[in-house]
Amino acid sequence: MKRLFTIIISGLTLFAASAQINTDQVMRSGRSALYFEDYVLSIQYFNQAIAAKPYLAQPFFYRALAKLNLDDFNGARADADEAIKRNPFMTDAYELRAVAYQNLGFPQRALSDYEKVLETLPNNRGILFKKAMAQQEVKDYSGSKATFDKLLKLHSRFDNGYIGRARLRMETGDTVGALEDVNKALAINKNAVNAYLIRADVAINRDGDFKSALADMDEAIKLQPRYEGFFINRAFIRRNLDDYYGALSDYDYATQLAPGDYVGFYNRALLYMEVRDFDRALSDLNQVIALKGPDVRAVYNRALVRKEKRDFKGAMEDVNTVISRYPTLAAGYFLRSQVKHDMGDMSYKADYDKSIAMAKTTVQKTPDEFEQPIAADNTADGGAQKDESQPSGDNDEEWLLAKGESQEAVASRFSALITVSSTPTLEQEFNNKQIRGRVQDRLAPADIEPMFAATYYTSPTELRPNSEYLREADDINRSRLLRFVLQVTNHEPPLTDNEQIKKHFESIEYYNSYLATHTPRAIDYFARGMDFMTLRNYPGAIADFTKAIETTPDFTLAYLMRAIAKLRGLASAPAADDAGTPRPAMDAAAEESIVKKSALADIDKTIELSPDMAIAHYNKGVLLLENGDYTSALNAFSKAIELRPEFGEAYYNRGFAFFRLGNARNGSADLSHAGELGVVPSYSLLKRMNR
């Protein structure tokens with residue numbers, strides 16, 4: 001489906017002014033950001049408009065449009081709902097909600113919304129086209145054909161209408177009619193990408209004419225040279241023409257265009273297996289499993305590769321995984337018998353006999369399905385997920401049914417995603433360019449948002465121009481007892497300026513002298529501890545925060561910062577002593593457990609002294625999440641959100657925890673809200689989990 005990026009924005013009536021903020025100006029800024037594809041930034045403007053005038057429909061509609069362009073389909077659907085509640089006559093909102101429903105896999109609901117729009121705009125070309133596509137999705141082929149026929153009678157020069165009807169005819173087996181429609185579309189518009197794709201499909205599946213198909217795919221790629229799916233499918237064609245070099249070249253380019261999409265890696269692995277390059281095949285299959293979780297096809301083929309590489313232990317692990325998922329798959333037992341035979345395990349005959357017996361019965365999956373390339377979505381516009389049932393979406397079971405995944409599968413796939421990306425550079429982390437455009441297409445790291453801490457330095461962005469507010473830090477700043485101003489952030493930039501570094505060393509010398517000649521105050525120890533933190537001297541920071549606490553036992557911020565210093569010191573601890581002797585693993589694990597318990601105690605003390613400090617509850621959730629205590633982490637993040645309802649990072653991490661537990665519905669809802677509140681990585685993770 002094409003996104004609604006070009007919905008007629010100018011057709012909506014501007015609303016009346018007056019509010020504590022200039023709502024008209026905010027909306028104009030939001031629409032401008034939307035026009036220039038700054039979707040995340042536009043959402044922040046629409047949030048302001050909604051806060052000022054929550055009774056208006058337009059801000060919800062525009063925010064829904066931004067979310068739709070970020071592939072946050074459920075968030076877009078929810079905002080469209082709100083727009084319709086406020087203005088039941090806003091046809092654009094029904095259209096937008098319909099597109100969101102189609103992308104969520106609920107075409108029947110989309111049809112209802114399209115019918116609502118057609119009551120007002122009965123001859124609208126775009127709505128008729130989308131209605132016909134939705135009818136095709138629900139297998140109402142006669143209804144879809146009637147809608148296409150009406151569309152083309154009204155708009156005989158609409159090339160996409162012929163292409164849509166050609167797809168319908170392809171699905172119903174009328175390849176002759178499909179080709180007629182394709183040729184009409186190309187006569188109207190020789191740059192109609194999908195027409196070339198359909199014609200290539202017909203050439204392959206009806207005629208086995210790969211040369212003609214290749215010519216059409218070449219035309220499609222000329223028109224859209226940045227879409228990885230075209231290269232994946234052209235590689236398939238080249239492979240069938242015995243052009244292995246060309247096929248590998250296409251797979252290589254596809255994986256460069258979309259490093260987060262598993263299809264190119266999987267298909268390239270099969271080609272590597274075919275030419276017996278097992279090392280590269282293994283690398284690609286590992287990447288598939290990292291991106292998609294324990295996909296059975298990838299695991300099965302990895303077992304074959306490991307067997308060829310004589311990694312029998314790994315091959316046995318993989319084939320056992322396949323058999324556990326598909327216990328009636330004869331090929332699984334046959335492969336295991338081969339692995340056992342090569343290992344010299346004489347029990348191989350039992351598996352061999354079982355595979356022969358099973359081969360005579362119906363199995364759940366045939367071996368061919370495990371060894372075939374995966375076709376990319378071969379349309380220029382992408383495609384909506386199809387789903388025949390229409391769950392209400394009111395509980396996790398129905399949501400997971402719609403997605404086709406169990407809670408165990410969600411949790412497993414999410415765990416695999418976490419291993420994919422390396423930590424971003426700080427330039428990537430804080431560069432304003434990272435919030436522009438379709439941020440969900442970037443392969444952002446699947447990791448939690450870190451703890452918040454007091455610091456002397458932050459890196460503002462358009463979305464976060466100021467540091468977070470923390471009353472305890474503000475009180476200290478108002479006292480003017482520190483040599484630097486405290487700020488609060490969870491993304492502290494590195495200190496690279498030599499002059500700044502020198503100032504903090506000089507500050508430490510100042511406090512050394514001051515504390516030696518004056519009665520020590522808690523704030524002086526705290527100040528020197530902050531200098532130590534800035535210079536990454538965590539033992540020194542811990543010692544000074546401890547002295548500050550001993551001097552003033554209710555020094556809340558000192559407890560919070562001591563916890564962070566302990567955890568950072570643990571993360572930066574050397575793996576070996578000064579003599580180069582590695583630390584025993586048992587000692588390191590025991591030390592880590594002790595330090596984390598001590599840090600948790602400091603955070604709990606912070607909460608005891610300041611129970612309304614949302615950041616303290618959030619930091620506790622981060623530590624619990626890192627320790628694998630997901631249920632307790634959920635409670636901590638929920639408390640942080642209760643105290644600060646607009647706490648985007650808490651929503652993000654709570655969504656992360658939900659996904660860890662296999663709760664896709666709540667995880668998606670929290671990530672959507674986190675993105676709405678400016679946590680940009682939410683959209684990348686949402687897209688990867690809902691792919």
Side-chain angles (χ1 to χ4, degrees), residues 447-455 470 472-473 476 486 488-490 492 508 520 522-578 582-637 639-640 643 649-650 653 657:
D447 205 352
I448 61 174
E449 283 291 302
M451 292 185 179
F452 280 86
T455 176
L470 184 62
E472 289 76 6
I476 292 175
L486 282 179
V488 179
T489 182
N490 71 331
E492 185 178 351
I508 290 171
I523 192 64
D524 300 319
Y525 286 121
F526 180 83
R528 189 172 66 179
M530 286 301 302
D531 283 319
F532 281 131
M533 282 286 287
T534 304
L535 296 171
R536 310 296 187 254
N537 181 345
Y538 301 119
I542 293 168
D544 272 349
F545 293 144
T546 300
K547 289 176 181 176
I549 290 167
E550 290 171 351
T551 307
T552 304
D554 61 351
F555 199 152
T556 308
L557 197 54
Y559 284 104
L560 183 70
M561 291 307 299
R562 187 170 70 174
I564 292 165
K566 288 173 181 177
L567 294 169
R568 290 185 183 176
L570 181 64
S572 62
D577 59 24
D578 293 338
R583 297 165 63 201
M586 292 291 290
D587 291 351
E591 179 184 347
E592 179 179 350
S593 177
I594 292 169
V595 171
K596 286 185 174 180
K597 285 181 180 178
S598 177
L600 184 59
D602 277 345
I603 294 174
D604 282 337
K605 185 65 176 179
T606 305
I607 293 171
E608 178 187 327
L609 293 169
S610 184
D612 294 335
M613 187 192 292
I615 282 174
H617 292 280
Y618 168 88
N619 284 0
K620 181 176 181 179
V622 171
L623 183 53
L624 292 168
L625 193 55
E626 289 175 342
N627 288 343
D629 188 352
Y630 305 128
T631 303
S632 298
L634 284 175
N635 293 333
F637 292 131
K639 182 64 177 178
L643 293 167
E649 288 81 2
N653 283 353

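For the ring-ring contact (aromatic ring centres under 6.0 Å, His included) test, no residue two or more places apart in sequence or in another chain qualifies with F532.
The CD1 atom of I603 sits 14.0 Å away from atom CD of E608, with the distance rounded to the nearest 0.5 Å. Note that the CG atom of L535 and the CE atom of M533 stand 11.0 Å from one another [nearest 0.5 Å]. Atom CG of L600 sits about 8.0 Å away from atom CG of N627, to the nearest 0.5 Å. For the atom pair I523 CD1 and F555 CZ, the distance stands at 4.0 Å (nearest 0.5 Å). Remark: Y538 OH to I564 CD1 distance equals 10.5 Å, nearest 0.5 Å. In this structure, H617 NE2 and T606 OG1 are separated by 10.0 Å, a value rounded to the nearest 0.5 Å.
Counting only distance, with no hydrogens or angles, the side chain of R568 and the backbone of K566 share no donor-acceptor pair below 3.5 Å. Checking side-chain atoms of Y525 against main-chain N and O of E550 turns up no donor-acceptor pair under 3.5 Å.
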Test log, rule side chain to side chain contact (heavy atoms under 4.5 Å, CB included), inputs D602 and L560: CA-CA 6 Å; D602 277 345; L560 183 70; over 6 Å; no

Residues T455, E492; criterion side chain to side chain donor-acceptor pair (under 3.5 Å); working and verdict: CA-CA 7 Å; T455 176; E492 185 178 351; 2.9 Å; yes

Test side chain to side chain contact (heavy atoms under 4.5 Å, CB included) applied to L557 and L470, step by step: CA-CA 10 Å; L557 197 54; L470 184 62; 3.8 Å; yes

Side chain to side chain contact (heavy atoms under 4.5 Å, CB included) evaluation trace for M451 with I615: CA-CA 8 Å; M451 292 185 179; I615 282 174; over 6 Å; no

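Minimum heavy-atom separation, E449 to N653: N-OD1, 2.8 Å. Nearest heavy atom pair, residue L486 against residue F526, reads CD1-CE2, 4.1 Å. Scanning all heavy atoms of the two residues, the minimum distance from A640 to A650 falls at CB-CB, 4.3 Å. The shortest non-hydrogen separation linking P611 to L643 is O-CD1, 3.6 Å. The minimum heavy-atom distance between L609 and P553, with the atom names listed, is CD1-O, 4.3 Å. Residues T556 and S610 come closest through the heavy atom pair CG2-CB, 3.9 Å.
In this structure the side chain of F452 reaches within 4.5 angstrom of the side chain of E649, judged on heavy atoms. The shortest distance between side-chain heavy atoms of E592 and K596 falls below 4.5 Å. In this structure, the side chains of F637 and L625 come closer than 4.5 Å at one or more pairs of heavy atoms.
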Could you tabulate the donor-acceptor pairs under 3.5 Å formed by side-chain atoms of residues 539-547, not counting sequence neighbours?
unit_1 : atom_1 : unit_2 : atom_2 : d
D544   : OD1    : R528   : NE     : 3.4
D544   : OD1    : R528   : NH2    : 2.8
D544   : OD2    : R528   : NE     : 2.6
T546   : OG1    : I542   : O      : 2.7
T546   : OG1    : R562   : NH1    : 3.2

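Pairs passing the salt bridge (charged side-chain N to carboxylate O under 4.0 Å, His left out) check and including a residue from residues 615-636, sequence neighbours excluded, read D604-K620.
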